[in-house]
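Only one structure is covered here, and it is reproduced in the block below.
Start at 1 and go down the list; that is how both ligands and their atoms are numbered.
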Amino acid sequence: MSSPKTIRWGILATGGIAKTFTKDLLVNPATRGVKHLKHTVVAAASSSSASRAQDFLKDTGSPSDAKAYGSYEELVNDPNVDIIYIATPHSHHYQNAMLALEAGKPVLCEKAFTVNAEQLRKLAEKAKEKNLFLMEAVWTRYFPLSVYVREQIKSGRIGPIARVFADNSMASDPEVQWKDGTHRMVNPELAGGALLDLGIYSLTWVFQTLYHTQPENDRKPPKVLAAMKNYGPTQGADETTTIVLSFPRSEAAGGEAHAIATTSIRVATSPAGKQDVPGIRIQGPKGEIQVFPPAYRPTRTRIVLKDGTVEEKDWLQPGPGAGSGWVNGFGGSTNVEGEGHGMFWEADEAADAVINGRKEGRYEGLDESILIMEVMDETRKQGGLKYPEKIETTKYPTQL
Ligand SMILES: NC(=O)C1=CN([C@@H]2O[C@H](COP(=O)(O)OP(=O)(O)OC[C@H]3O[C@@H](n4cnc5c(N)ncnc54)[C@H](OP(=O)(O)O)[C@@H]3O)[C@@H](O)[C@H]2O)C=CC1
Ligand SMILES: O=C1OC[C@@H](O)[C@H](O)[C@H]1O
């Protein structure tokens, strides 16, 4: 076998998830059986200062010769960078991704991809024009657990899906935790709220089970009915959102199927952090598949069939990775000692695409990401939630 190809990453932004991702990136891929590629970090950029980027590189254990930049422009123009990972708040993804694509760099961009579908269409057009890879970092889709769930569905284990319940909710105490309203979870200027931050995972579970498992020609957009409750203090971010989706399917494929995708920052999928309530339930005539919380980083599945079969599986992330614990300020789970966090699967997918010349992720292409953004647009329309024009705009560049 030929020696592994190394992909050189540039990390755009130095906040919570950038740290978790970068530490995972530096876990040896061989520990998860990936032999044909390696990752390295050659540069990181902070919009506030080069010294912040330098501290980030040190904290994440990045190579000592990695460059620290005090602006995103310098990063995207570094000729040694093969791909950019974007980890700014959602409000900034459109501007940052466009900056990277314009500079000729492939992009892996954190969820939610953009603020609205129109912004994403523009990014997809730019990526196509420049022949560049572009993918939303919905890491959960790339977990072996998700691959397994999709395979169970496609094999007909539970029969054609009739209904999916998908909840990704985390009880916070927003008036206390984010008292001044500036935190990205509740701040309208940063496209805050449950839907774009957490609801994207509820929709991910709906789409990856009910939509992505269909043959490509048979995938049809759902009808959407939504309810949205605003978060009182900032009045421009949603607190709890519920979406009813109805997917048209041919009679041969099982006929119309329903889904409920719900999300909240006020109440939790599983109370008292016990993670014992299956937040995701995928139901067919022969039984159901359950996935336990958190929906974004699940580690347990259960299949319950009508014939009495019950199959439980644990899906611990491979390691090492001890010490790459969850550093995000909201919610959170801690890695089991020795585990990685699980962000390396999406990084492997992106690196593999760059090596092999693919332009999109295999488990969620751009058309599907756009469709999910359209569902979120429609949900916000029905819920009356609009963000400030400067972050909804497709005008590039716009100073944020
Ligand atoms: N996949 C996952 O599991 C997770 C994904 N995320 C996603 O990652 C993104 C970032 O989240 P997270 O890391 O928690 O956020 P943080 O607030 O911790 O970090 C965001 C970083 O973005 C940069 N930034 C640039 N402009 C701004 C601005 N106006 N306000 C705030 N930050 C700014 C800053 O980095 P700098 O100073 O270096 O420029 C900052 O550190 C979000 O889109 C979120 O949805 C978040 C958590 C988990
Ligand atoms: O993507 C995410 O998953 C984990 C949550 O803690 C976080 O708020 C969210 O951005």
Sub-4.0 Å atoms of ligand 2 with respect to non-hydrogen atoms of Asp197: 7 (C), 8 (O), 9 (C), 10 (O)

List ligand 1 atoms under 4.0 Å from Ser47, heavy atoms only on the residue side. 25 (C), 36 (P), 37 (O), 38 (O), 39 (O)

Within-shell test, Met170 vs ligand 2, heavy atom, strictly < 4.0 Å: yes

Quick check on contacts: which atoms of ligand 1 are under 4.0 angstrom from a heavy atom of His93? 43 (O)

Ionic contact status for Lys130 with Glu125, cut-off 4.0 Å: no

Among Arg297, Arg184, His341, Glu189, which one puts a heavy atom closest to atom 12 (P) of ligand 1? Arg184

Would you say the side-chain atoms of Thr22 and Thr60 include a donor-acceptor pair closer than 3.5 Å? no

Check whether Phe247 forms a cation-pi arrangement with Lys220 (NZ or CZ under 6.0 Å from the six-membered ring centre, at most 45° off the ring normal). no

Check: of Lys19, Lys111, His92, Glu346, min heavy-atom distance to atom 26 (N) of ligand 1 comes from His92

What part of Arg184 sits under 4.0 Å from ligand 2 if we count only heavy atoms: the side chain, the backbone, both or neither? side chain

Hey, is Ala53 touching ligand 1 through its side chain, its backbone, both or neither, going by heavy atoms under 4.0 Å? neither

Whether the Thr241 and Asp238 side chains hold a donor-acceptor pair (N or O, under 3.5 Å, no angle test) is what I'd like checked. yes

Ignoring hydrogens and geometry beyond distance, is a side-chain donor-acceptor pair present between Tyr201 and Trp139 at under 3.5 Å? yes

Can you tell me which portion of Tyr296 lies within the under-4.0 Å heavy-atom range of ligand 1? Options are side chain, backbone, both, or neither. neither

Ligand 1 to Arg52, heavy atom cutoff 4.0 Å, flagged ligand atoms 37 (O), 38 (O), 41 (O)

The one among Gly16, Ala44, Ala87 that brings a heavy atom closest to atom 20 (C) of ligand 1: Ala87

Are any of the N or O atoms of Ala137 closer than 3.5 Å to those of ligand 1? no

Under 4.0 Å from ligand 1, counting heavy atoms only, is it the side chain of Phe56, its backbone, both or neither? neither

Need the ligand 1 atom indices (1-based, order shown) with element for anything under 4.0 Å from a heavy-atom of Met343. 1 (N), 2 (C)

Is Asp197 touching ligand 1 with its side chain, its backbone, both, or neither, if touching means heavy atoms under 4.0 Å apart? side chain

Pair Lys111 + Asp197: basic N to acidic O under 4.0 Å: yes

Atom pairs and distances, side-chain donor-acceptor, residues 278-288, under 3.5 Å, sequence neighbours left out:
from	atom 1	to	atom 2	distance (Å)
Arg281	NE	Glu288	OE2	2.7
Arg281	NH2	Glu288	OE1	3.0
Arg281	NH2	Glu288	OE2	3.3
Gln283	OE1	Arg163	NE	2.8
Gln283	OE1	Arg163	NH2	2.9
Gln283	NE2	Glu288	OE1	2.9
Lys286	NZ	Gly156	O	3.0
Glu288	OE2	Gln290	NE2	2.9

Using a distance-only test with no angle check, is there a side-chain donor-acceptor pair under 3.5 angstrom linking Thr301 and Trp315? yes

Show, in sequence, the C-alpha distance, side-chain angles and deciding distance for Arg157 and Gln152, and conclude whether the side chain to side chain donor-acceptor pair (under 3.5 Å) test is met. CA-CA 6 Å; Arg157 196 90 199 277; Gln152 296 302 306; 2.9 Å; yes

One residue to check: Lys111. Relative to ligand 2, which of side chain, backbone, both or neither has a non-hydrogen atom less than 4.0 Å away? side chain

How long is the gap from OH on Tyr231 to OG1 on Thr240, to the nearest 0.5 Å? 12.0 Å

Hey, are the side chains of Ile265 and Val186 touching, using non-hydrogen atoms and a 4.5 Å cut-off? yes

Which of the atoms in ligand 1, numbered in the order shown and given with their element, are less than 4.0 Å from a heavy-atom of Thr14? 35 (O), 36 (P), 37 (O), 38 (O), 41 (O)

If I apply the N/O under 3.5 Å rule, does Gly15 come out as touching ligand 1? yes

Pull out every atom of ligand 1 sitting under 4.0 Å from any heavy atom of Tyr201, numbered as shown with elements. 1 (N), 2 (C), 3 (O)

Side chain or backbone of Glu110 under 4.0 Å from ligand 1, or both, or neither, by non-hydrogen atoms? side chain

Out of all atoms in ligand 1, which are within 4.0 Å of some heavy atom of Tyr72? Include the element for each. 23 (C), 24 (N), 25 (C), 35 (O), 36 (P), 39 (O)

If I take atom OG from residue Ser3 and atom NE2 from residue His36, how far apart are they, to the nearest 0.5 angstrom? 12.5 Å

Less than 4.5 Å apart, side chain to side chain, heavy atoms only: is that true for Tyr363 and Glu346? no

